[in-house]
There are 2 protein chains.
Amino acid sequence: MDIPPLARTFVLHFGEMGSRWGVNRTVGQIYALLFLSNRPLNAEDITGALGLSRSNISMGLKELESWRLVRLQHIPGDRREYFSTPEDVWEIVRILAEERRKREVDPTLSLLRSVLMETPDSPEERHAQERMRELHGLIELLTGWADDVQKLETERLVQLMKLGSRITRLLDMKDRLTLLPGGKGRRRKAANTEDSGE
Amino acid sequence: MDIPPLARTFVLHFGEMGSRWGVNRTVGQIYALLFLSNRPLNAEDITGALGLSRSNISMGLKELESWRLVRLQHIPGDRREYFSTPEDVWEIVRILAEERRKREVDPTLSLLRSVLMETPDSPEERHAQERMRELHGLIELLTGWADDVQKLETERLVQLMKLGSRITRLLDMKDRLTLLPGGKGRRRKAANTEDSGE
DNA sequence: CAGTTCGTTCAGTAATTACTGAAAACACAG
DNA sequence: CTGTGTTTTCAGTAATTACTGAACGAACTG
């Protein structure tokens with residue numbers, strides 16, 4: 001099976017991009033192919049399309065399964081295994097975020113935590129530990145936020161993204177409201193707070 | 001120069017992590033070392049600490065410079081080049097976001113755009129193009145948002161992150177306010193809107 | 001200008017990673 | 001159980017990437 005020209009560019013590009021990411025060219029290509037396909041593909045389809053060995057494809061698919069980026073399914077009356085990607089692109093984003101976190105962030109966090117328990121023996125070590133503490137705090141904040149965001153329905157998430165930095169207007173509004181307990185008519189003070197803020 | 005034990009774990013870990021990311025072990029280690037250091041280091045310091053060849057370090061530093069992750073500076077009365085990382089961890093996050101985007105996202109976007117201009121020749125191609133359109137839209141939304149967020153001062157960003165998914169409460173509030181032009185006292189209707197929303 | 005110190009380049013080599021083909025394992029059908 | 005179509009494993013090899021040492025070049029010093 002030949003890949004239509006329009007799709008080929010994309011597949012090859014994804015193959016190269018894969019390398020920048022933790023996966024090899026083959027894995028990138030397989031994923032791109034499945035992403036574009038209008039039906040699930042079996043290993044032979046993929047072998048034919050990409051011109052790579054059967055065993056290579058098998059390994060690639062395994063890796064993609066371990067990333068939960070492809071799904072295995074069966075077609076009635078056919079013994080072969082068919083693969084496809086999730087339809088919803090947001091679903092893909094969520095999965096990627098989770099997996100990358102599991103593989104890259106969590107190990108780092110746990111290493112940081114254990115090093116932060118130790119007692120520094122010198123000014124250098126003390127400074128190093130301080131830096132690690134900063135990094136730890138940063139990662140905690142980012143992942144905490146990511147956890148939170150993961151919980152939102154897609155609708156909401158899109159709404160938030162579109163709002164972008166205009167979200168700060170809402171924050172300003174909130175500040176104004178919450179800084180004035182009971183709303184006792186001290187509006188002017190609140191307006192000042194905003195000005196001095198920047 | 002020997003790396004204190006407390007820092008060594010971190011440096012080695014970063015070296016390994018580097019590989020998952022687009023950089024090699026050496027580059028990861030150099031970066032970690034500089035990140036932890038309480039003073040700028042020159043190439044020889046780094047060579048000594050990591051036990052790698054001078055030329056390797058030179059190449060690593062060049063790569064880190066191309067990522068804008070380290071800064072070159074000079075110390076009065078010393079001809080050698082000294083390197084350090086930005087102090088502020090948020091600054092680092094911003095730089096990383098920009099660079100990764102430049103290297104990974106932008107090329108993909110431009111490829112997608114050009115492929116989306118073409119006319120599909122078959123149902124398969126049409127479907128493939130449709131998928132690419134979805135992906136394109138997603139990336140545009142994400143990067144647009146990222147651009148927006150980049151503009152915020154760190155203070156604001158932290159505030160937003162801490163708020164996390166509670167941000168939706170603000171959105172609800174905003175909806176309630178904007179859906180009721182002039183605030184003509186139809187509060188009860190607004191409250192209902194929220195309930196049916198989830 | 002010769003000598004010194006530093007940084008860069010690059011060809012060669014080491015180390016790692018990717019890929020293949022053959023064999024094994026598996027799953028089912030008759 | 002045997003045969004067939006399928007996926008997996010793995011040892012060997014190819015390809016790629018990382019690293020080194022030696023040579024070179026640039027910038028300064030006396």
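Worth knowing before you read on, the calculation uses all heavy atoms, side chains too, and leaves out hydrogens, waters and symmetry mates. Numbered from 1 within each chain, the chains take letters A, B, ... in sequence-line order.
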For this session: Record whether the side chain of B:Ser55 comes under 3.5 Å of the base of D:dG21 through a donor-acceptor pair of N or O atoms.
Result: yes
Exercise. Taking for each residue the nucleotide of DNA chain D with the nearest heavy atom, is it B:Val27 or A:Tyr82 whose nucleotide lies nearer the 5' end?
Worked result: A:Tyr82
Exercise. Once you round it to whole Å, what is the distance between P of D:dT7 and CG of A:Asn42?
Worked result: 7 Å
Problem set entry | Salt-bridge present (A:Glu130, A:Arg133; N to O < 4.0 Å) | yes
For this session: Go through D:dT9, C:dT20, C:dG7 for me and flag the one nearest to the A:Ser58 side chain.
Result: D:dT9
Exercise. How close or far is atom P of C:dC26 from atom NZ of A:Lys62, stated in whole angstroms?
Worked result: 12 Å
Problem set entry | Nearest-angstrom distance from the residue atom CD of A:Glu63 to C1' of C:dC19 | 14 Å
Problem set entry | Atom-to-atom span, CE of B:Met59 to C1' of C:dA11 - whole angstrom | 11 Å
Exercise. Can you tell me how far the CZ atom of B:Phe83 sits from the CG atom of B:Leu41, to the nearest 0.5 Å?
Worked result: 10.0 Å
Exercise. NA contact type, A:Glu44, heavy-atom cut-off 4.0 Å: base, sugar-phosphate, or nothing?
Worked result: nothing
Problem set entry | N or O in side chain of A:Arg25 less than 4.0 angstrom from C:dT17 OP1/OP2 | no
For this session: Determine: side-chain N/O of A:Asn24 to OP1/OP2 of C:dC19, distance under 4.0 Å, yes or no.
Result: yes
Exercise. Hey, can you pull the residues of residues 67-80 of chain A with a non-hydrogen atom under 4.0 angstrom from DNA chain D?
Worked result: A:Arg79, A:Arg80
Problem set entry | salt_bridge(B:Arg131, B:Glu134) N-O dist < 4.0 Å | yes
Seminar exercise, completed: Testing C:dC6, D:dT7, C:dG21 for proximity to the side chain of A:Ser53, the answer is C:dG21
Exercise. Under 4.0 Å between a side-chain N/O of A:Thr26 and OP1 or OP2 of C:dC19, yes or no?
Worked result: yes
For this session: May I ask you to establish whether A:Arg100 and A:Trp67 are in a cation-pi arrangement, using a distance under 6.0 Å from NZ or CZ to the six-membered ring centre and at most 45° from the ring axis?
Result: no
For this session: Would you give the length of the straight line joining atom CG of B:Leu138 to atom CG of B:Leu142, rounded to the nearest 0.5 angstrom?
Result: 4.5 Å
For this session: Please round to the nearest 0.5 Å and tell me the distance separating atom CG of A:Leu135 and atom CZ of B:Phe14.
Result: 6.0 Å
Problem set entry | Backbone of A:Glu125 reached by a side-chain donor or acceptor of A:Gln129 within 3.5 Å | no
